[in-house]
Structure formats: C-alpha cells, structure tokens
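Single-structure report; data block below.
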Amino acid sequence: MKAIITVLGKDTVGIMYKVSKILTELEVNIEDVTQTILQDYFTMLMLVKIDESKSNISELKAALNEMAAEENLSINVQKEDIFVAMHRV
Amino acid sequence: MAIYNDVMETIEMLEREHLDIRTTTMGISLLDCFEEDGKKTAQLIYDKVTKLAKNLVSTADAVGNEYGIEIVNKRISVTPIALACASNTEDWVLYAKALDRAAKEVGVDLIGGFSALVQKGMTKTDESFIEAVPYALTETERMCSSINLGSSKAGINLEAVKRMGPLVKKTAYLSREDKSFRPTFPEKTSPLAAPNSWLLQMLWRTIRLWREHFTESVNRRTSST
C-alpha cells in the first residue's frame, strides 16, 4: 500500500533522520522525497510503500504522531489514493 | 511530481478549511421483523440492527483513519416503521426504544426511520403512528423521526400537513427538559453558544428562504402592475 507522509513544522536539526528512523523500524520503504524550507518552515512530502505483512498504516501513524508531539511538528499519513481521487477526473 | 501539489492542496483543505465527511449511513430493512407480539417485534428489531451494524462505527473510523479524513457522524437508516410494522397500533414507543437502544449499543450517532409515508393518504396505522411520534421522540435520544407529506407524483397530503403543527408543538412541549437533537455538540452547551449550531444554521436557512420568497413575490407584483 502506498501512502504519503507530510511533515510540516519549524526547521530543526534531524527531522528527516527521526522520520526515516521510524520508517526503518517499521520496514516502510521510501520511494520518493521532496523537501523545502519555506520561511523557516520545514516542509517535507514522502511517498512510501508499506509492506502490509510487516506493518500497517495505523502503527505508522501512531509512531509518527508520538514523534510529532515531542518535536512540535505536524505529521499526516494518508493513503495515496485519496489525493488521486480528489484531484483527478 | 505533480501529485505533491495535490497533496498540499488536500492538506490545506483538511487543516484550514476543515474538510471532513459529514456522515456515513447504513440502510437496514426491517420488513422481516414484524410479529404479532409487539415485544417480540421490538426484540427482533434490536437484534437485527445490532447484528448488522456492529462493525459500522469501527469500520468507518478505520477508513477515516486510513485516508486521514474524519467521518463525523455514523448513522443507520431503517425501513419506515409505520410501513414495516403496519397493522400494529399499540407498540410504537416500544419500537422507538428498541431502535434507540440498538443505536446506543452499536455506538452510532443517529438512527433514522421512525417514519411514515403518508403522501397518498393516511391509514389507521399511520394515524396511530403519528399520534405516537411526540412520545417516541421524548423517550429516546438518538432516534430521528420523519413523516413524508408529499411527493411530486402524489402531490401534498394537506390533511396530514394540518396535523403537523400540533404534532411539532406537542413534541416540543413534551421534550422541553431534554437536550434535544444535536449529536455533534458536547453536553450541556446551549445550541446558540456554538457558532455553527444547528439552530443558527436553521435560522440562516429560514431567513434566506424567506428573503427569496419575499423578493419573488415583490417581483411578481411589480411585473403585473
């Protein structure tokens, strides 16, 4: 299952490391990453593939939300289909 | 990648414009639940609803979670009771309570279908049903009731319309102590306190309809003179 992770928040050292660490622990593969800094704000979008025999989206969400609360970030995890369904005819 | 623009747009809708899915509804037929004995019927209604809808809330939440879009209300809609349990004129409130109990058991926000379809005329059953509506609404929390008074095919049943005024007043009077219908609001807040409350929405809607109606009749009058 493909999902998109969005990370928004104040830029600090090691955000990418912390996110990818969680992904590694849950054996989630990163397929694409795009990242910019907009006026001091860190914005990252990741396209990941979740191997459902090893982990699931709610586990990933829980782990990332915990990290987001500690680091004061906003992290969303959503299935890729929703973006396609909402924007393509 | 083009999809990233879409992602940001969707995130904005969710975070800033509070996009959500208002409701998901499960339809359940009660046509096979009618028995001579009212208590038995009520039990059958309860059993069927709780059996079929037991995973509704958890599934809706799981889907909402997966896509990151909250489904605010989970609701059940059943066969109009006056139709499903016709020929029984005594036990309406019993059925209403069974529906309400089932709704609470499965955790849905609303259950609809305590209804009659009278656009083509009222039977004795429908009449007794309508009489029971105020009591049923007073004794339940999550159950909703409706009475269909007209359709484009059958026209409007004015006899039934006439009965609605006293019915609404009676319901309001009997339920004057209740917190009434507002499932998405926390308990003990006044409906006027929340800026988007149903009461205000209804007010705006009424004002808008009234204004439309008014301008239309003025236009008609000026064009005729």
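Hydrogens, waters and symmetry mates play no part in the numbers below; they use all other heavy atoms, side chains included.
More than 12 heavy atoms of other residues, nucleotides or ligands lie within 6.0 Å of CG in Asp32(B), so this atom counts as buried by the packing criterion. The local environment of CD in Gln35(A) is crowded, with over 12 non-hydrogen atoms from other residues, nucleotides or ligands closer than 6.0 Å. In Leu174(B), the CG atom is crowded: over 12 heavy atoms of neighbouring residues, nucleotides or ligands sit closer than 6.0 Å. Summarising the local packing, CZ of Phe42(A) is surrounded by more than 12 heavy atoms from other residues, nucleotides or ligands at distances under 6.0 Å.
Going from atom OG1 of Thr10(B) over to atom CD1 of Ile82(A) covers 7.5 Å, rounded to the nearest 0.5 Å. Note that CE of Met1(A) and CD of Glu66(B) are 5.0 Å apart. Values are rounded to the nearest 0.5 Å.
For Ile57(A), the part sitting under 4.5 Å from any heavy atom of chain B is the side chain, from C-beta outward, and nothing else.
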Query - Worked verdict on Gln78(A) versus Val7(B) for side chain to side chain contact (heavy atoms under 4.5 Å, CB included) - result: CA-CA 10 Å; Gln78(A) 285 156 297; Val7(B) 171; 5.9 Å; no
